Amino acid sequence: MPLSGSSCMLDIQLLRTQPDLVSERLAARGFQWDRTEFQALEEERKTVQTRTQELQAKRNASSKAIGAAKGRGEDTTDLMAEVNQIAAELAAGEARVAELQDQLEALLLNFPNLPHASVPAGSSDKDNVEVRRWGTPRVFDFSVKDHTEVGEALGQLDFAAAVKISGARFSVLKGGLARLHRALGQFMLDVHTTEHGYTEAYVPYMVNADSMRGTGQLPKFEEDLFGIPRGDQGKFYLVPTAEVPLTNLVRGEILEASALPLRMTAHTPCFRSEAGSYGRDVKGMIRQHQFDKVELVQIVHPEQSYAALEALTGHAETILQRLELPYRVMALCTGDLGNGAAKTYDLEVWVPAQDTYREISSCSNFEAYQARRLQARFRNDKGRPELVHTLNGSGVAVGRALVAILENYQQADGSLMVPKVLQPYLGGLQVITRL
RNA sequence: GGAGAGCUGGCCGAGUGGUCGAAGGCACUCCCCUGCUAAGGGAGCAUAGGACCAAAAAUUCUAUCGAGGGUUCGAAUCCCUCGCUCUCCGCCA
């Protein structure tokens with residue numbers, strides 16, 4: 001079997017022809033690759049594959065000759081003997097090629113994407129660069145409560161009940177807050193579909209392993225996912241983000257250039273095991289096993305992807321602006337970039353009780369990283385299939401938006417103001433009071 | 001859950017061991033003819049990987065007929081496992 005492009009997240013031609021460039025860009029995000037091993041594998045692959053293909057050609061020709069001879073009623077003993085002579089070497093060669101390709105694949109599958117040239121250099125989130133800031137944090141004339149206190153005081157946010165039903169990192173919303181939570185998702189979808197040109201989609205919340213591989217969650221991040229065994233049929237995975245089902249819509253497709261860009265959005269629950277986050281955000285709704293999110297996905301022409309990233313980030317910002325929530329836009333540095341991202345902007349919303357900004361959206365351009373795994377292509381000017389670029393971003397995380405509202409819209413008497421844009425979704429309700 | 005039938009190129013569809021990467025048709029592209037809105041003729045038209053090349057094109061080799069494995073000198077065709085689709089029955093939001 002040939003080494004398909006999908007087995008590698010980077011263009012293998014690039015690794016062959018410009019290893020120095022690849023090393024340099026990977027080093028920028030703190031990733032070292034084993035060039036010696038790669039080159040050794042490549043060298044052997046080349047000789048063995050070439051030889052094996054020669055043998056295959058020979059076998060095919062002989063087999064054809066046997067067929068023709070039999071058709072004429074001639075004796076084929078000599079021809080058969082000829083083929084049998086190369087049989088052993090051929091079988092060994094085919095096995096070795098498969099083995100080498102598996103090894104190459106294993107080596108390459110965990111490569112992160114190459115960061116775009118415009119990504120600031122750095123090693124951790126401390127080196128992220130603030131791009132812009134919107135809104136002014138409200139000045140409170142009373143001592144601010146954090147979102148858990150506000151919600152619990154309203155009698156509409158119940159962590160104890162969630163622990164009883166499920167366990168830690170879940171929450172139960174009731175009454176006005178549950179309705180506000182629902183309103184947030186509706187509002188976001190409405191804005192994106194009517195103003196930003198996204199097509200709303202309803203998608204599965206459980207997906208197969210191929211889909212998780214396609215967008216890059218597998219094989220490297222299995223421990224972050226919830227898997228559901230299904231007998232001998234492998235397993236389902238609960239989606240950690242609607243990015244997975246939405247982006248996988250184009251897996252294996254060759255799109256007409258005129259179909260681009262594709263803009264899709266979906267409101268789904270997201271499930272994350274949060275392995276390795278022990279002790280972080282243990283209290284409250286910031287980090288949950290289950291949360292809602294409205295996701296934005298774009299499938300675009302490669303030349304358009306950076307313009308699309310700016311636009312998509314703007315679409316997410318619109319939500320925070322309409323909700324009148326102060327935020328800032330951060331350009332992630334090379335060291336803080338997600339595995340598949342070439343460039344990412346995080347939106348961080350103001351959280352008064354923590355006196356800081358917290359991530360509420362992450363907007364990324366994956367360039368061809370996901371497209372290569374997905375084999376998602378379009379027909380270019382020359383009529384040739386070419387990989388698309390994929391982008392996605394939260395537009396925005398519903399749970400964290402609720403956190404931000406609980407804190408930014410709290411009042412001294414313990415009630416909660418309803419953001420103006422959401423009031424129509426709550427039948428005109430302006431204030432949520434104790435249940 | 002039970003019984004049965006299927007899965008072939010963008011689409012339809014032929015093909016039950018050999019010269020089949022795949023007839024024929026539709027769609028599409030180019031050319032010719034025709035001048036009246038439709039028809040005729042010709043050619044082309046899958047994807048991926050390798051070799052060659054500075055690169056591209058061309059050429060050439062290999063792989064791919066739901067997926068994976070097996071039998072065979074040779075598999076779309078035979079065998080096994082799995083997935084999916086359809087029909088009937090049962091169940092059900």
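Please read these numbers as outputs of a predicted model, since none were measured by experiment. Values below: all heavy atoms of this structure, side chains included; hydrogens, waters and symmetry mates excluded. Lettering of chains follows the sequences in order, A, B, ..., and the numbering in each one begins at 1.
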Could you state the atom-to-atom distance from [atom1] of [X] to [atom2] of [N] in whole Å?
X       : N       : atom1 : atom2 : value
R59(A)  : rC61(B) : CZ    : C1'   : 12 Å
I12(A)  : rG50(B) : CD1   : P     : 7 Å
I254(A) : rG9(B)  : CD1   : C1'   : 11 Å
E253(A) : rC11(B) : CD    : P     : 10 Å
Q49(A)  : rA63(B) : CD    : C1'   : 10 Å
Q53(A)  : rA48(B) : CD    : P     : 16 Å
K70(A)  : rG74(B) : NZ    : C1'   : 9 Å
N84(A)  : rG74(B) : CG    : P     : 8 Å

Return no unless some side-chain N or O of [X] is found under 4.0 Å from OP1 or OP2 of [N].
X       : N       : value
R379(A) : rU47(B) : yes
R384(A) : rA56(B) : no
Q13(A)  : rA48(B) : no
N60(A)  : rG74(B) : no
R16(A)  : rA51(B) : no

Measure the shortest side-chain to side-chain distance between I66(A) and V83(A) over non-hydrogen atoms and say whether it is less than 4.5 angstrom.
yes
Inter-nucleotide [atom1] distance ([N], [M]), Å rounded:
N       : M       : atom1 : value
rG4(B)  : rU60(B) : P     : 49 Å
rC65(B) : rA76(B) : P     : 6 Å
rA22(B) : rC12(B) : C1'   : 15 Å
rG50(B) : rG1(B)  : P     : 43 Å
rC32(B) : rG18(B) : C1'   : 40 Å
rG24(B) : rA14(B) : P     : 15 Å
rC78(B) : rG25(B) : C1'   : 30 Å
rC86(B) : rG49(B) : P     : 33 Å

Classify the angle between the aromatic ring planes of Y198(A) and H196(A) as parallel (below 30°), tilted (30 to 60°) or perpendicular (above 60°).
perpendicular
Counting side-chain heavy atoms from CB outward, which of rA51(B), rG18(B), rG49(B) is closest to K46(A)?
rA51(B)
Proximity to the side chain of K64(A) - top-ranked nucleotide from rC52(B), rG21(B), rU62(B):
rG21(B)
Between E200(A) and T193(A), does any side-chain donor sit less than 3.5 Å from a side-chain acceptor?
no
For K343(A) and S364(A), which I'm curious about, is there any donor-acceptor pair between the side chains at under 3.5 Å?
no
Applying the Watson-Crick and G-U wobble criteria at under 3.5 Å, what pairs with [N]? Answer none if nothing qualifies.
N       : answer
rA93(B) : none
rC7(B)  : rG83(B)
rA22(B) : none
rA51(B) : rU59(B)
rA46(B) : rU64(B)
rU77(B) : none
rU71(B) : none

Could you tell me whether Y306(A) and H389(A) have their ring centroids closer than 6.0 angstrom?
no
By nearest nucleotide on RNA chain B, pick out whichever of A57(A) and M80(A) is the more 5' one.
A57(A)
Nearest-nucleotide comparison on RNA chain B, the residue closer to the 5′ end among K58(A) and V83(A)
K58(A)
With heavy atoms under 4.0 Å as the rule, sort R51(A) into base, sugar-phosphate or nothing.
nothing
Test salt bridge (charged side-chain N to carboxylate O under 4.0 Å, His left out) applied to R51(A) and E89(A), step by step:
CA-CA 10 Å; R51(A) 173 64 182 156; E89(A) 191 188 346; 2.9 Å; yes
Among Q290(A), H289(A), Q288(A), H181(A), find the residue that satisfies the side-chain hydrogen bond (donor to acceptor under 3.5 Å, both in side chains) test when tested with S171(A).
Q288(A)
